[in-house]
Amino acid sequence: MKLLPTAVSGAFVVEVDARCDDRGMFARTFDAQTFAAYGLVPVYPQCNVSQNHRRGTLRGMHYQAEPRPEVKLVRATRGRVFDVALDLRPDSPSYLEWAAVELDASSHNAFYIPAGCAHGFLTLEDDCELFYQMSETYTPELARGVRWDDPAFSIAWPFTPSVISERDAALDSYGQETGL
């Protein structure tokens, strides 16, 4: 397993070292000791699944506010997605910067998104599923979001989404967030 830094401080692409033979493949996808050695959160008390039927589905940009911000470890378990972390931490060296990774179920990679970053993704094909490991349990009153197309961030999405929830489409620009 390799942890590769991104443009967002504290965000990492997690690549697996797959061992393949005539039976198939085996790979370690998570190791608490390795994560702790990098200073990353090694405990995830909540896990979520996101199923998405159509290519072009956008979810995001979501985060959970203080006092219970969430670290997310996100992996595609089916399909491919363009996954984005957006740094909203004013004291971060990468404040207002974003990083993206293509999560692909066939590569078994993951994206570690630190607390204080918004997260979103765009499906690149039909029938995608994501598995999230969360460092905090969901607290509805702390749920927040910012517009996926806010010019303050200039996220270079690969194409314009065709499916987006009313709630996500109505999110405010940064600095005007009212929650989800």
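- Looking at T123 and F82, their side chains never come closer than 4.5 Å, going by heavy atoms from C-beta outward.
- Under a cut-off of 6.0 angstrom, the local environment of OH in Y95 is crowded, with over 12 non-hydrogen atoms contributed by other residues, nucleotides or ligands.
- Between the T139 side chain and the E141 main chain, no donor and acceptor come within less than 3.5 Å of each other.
- Under a hydrophobic-cluster definition in which Ile, Leu, Val, Met, Phe, Trp and Tyr are linked whenever side-chain heavy atoms come within less than 4.5 Å, directly or via other members, L40 and V16 are assigned to different clusters.
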Could you check L96 against D87 for side-chain contact (heavy atoms from CB on, under 4.5 Å), going step by step and ending with a plain yes or no? CA-CA 5 Å; L96 300 183; D87 194 343; over 6 Å; no
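- Under a 3.5 Å cut-off, the side chain of R68 and the backbone N or O of Y138 do not form any donor-acceptor pair.
- Between W157 and D149 the shortest side-chain heavy-atom distance does not fall below 4.5 Å.
- Close placement of the H119 and Y132 rings is indicated, their centers lying within 6.0 Å of each other.
- Using a distance-only test at 3.5 Å, with no hydrogens or angles considered, no donor-acceptor pair links the side chain of S94 to the main chain of V8.
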Give the intermediate values and the outcome of side-chain contact (heavy atoms from CB on, under 4.5 Å) for residues E136 and Q46. CA-CA 7 Å; E136 291 284 343; Q46 181 175 308; over 6 Å; no
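- Remark: the backbone N or O of R55 is paired with a side-chain donor or acceptor of D126 at under 3.5 angstrom.
- For the pair S50 (side chain) and E129 (backbone), a donor-acceptor distance under 3.5 Å is absent.
- R23 places no side-chain N or O within 3.5 Å of a backbone atom of C20 that could act as its donor or acceptor partner.
- T34 places a side-chain heavy atom less than 4.5 Å from the side chain of M1.
- Side-chain N or O atoms of R75 include none that pairs as donor or acceptor with a backbone N or O of L130 at under 3.5 Å.
- Side-chain atoms of R59 and N52 include a donor-acceptor pair closer than 3.5 Å.
- The side-chain heavy atoms of M134 and C47, taken from C-beta on, include no pair separated by under 4.5 Å.
- By the 4.0 Å N-to-carboxylate-O rule, D21 lies too far from R19 to be salt-bridged with it.
- Residues L4 and V81 share a single hydrophobic cluster, defined by chaining ILVMFWY side chains whose heavy atoms lie under 4.5 Å apart.
- At least one donor-acceptor pair under 3.5 Å links the side chain of N109 to the backbone N or O of D104.
- For the pair Y112 and V71, the minimum side-chain heavy-atom distance is below 4.5 Å.
- Within the 3.5 Å criterion, the main-chain N or O of T137 finds a donor-acceptor partner in the side chain of Q64.
- Counting only distance, with no hydrogens or angles, the side chain of R147 and the backbone of A169 share a donor-acceptor pair below 3.5 Å.
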Going through the checks in order, is the side-chain contact (heavy atoms from CB on, under 4.5 Å) test met by W148 and L171? CA-CA 8 Å; W148 65 276; L171 287 171; over 6 Å; no
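- Counting heavy atoms from C-beta on, the side chains of S135 and V43 never come closer than 4.5 Å.
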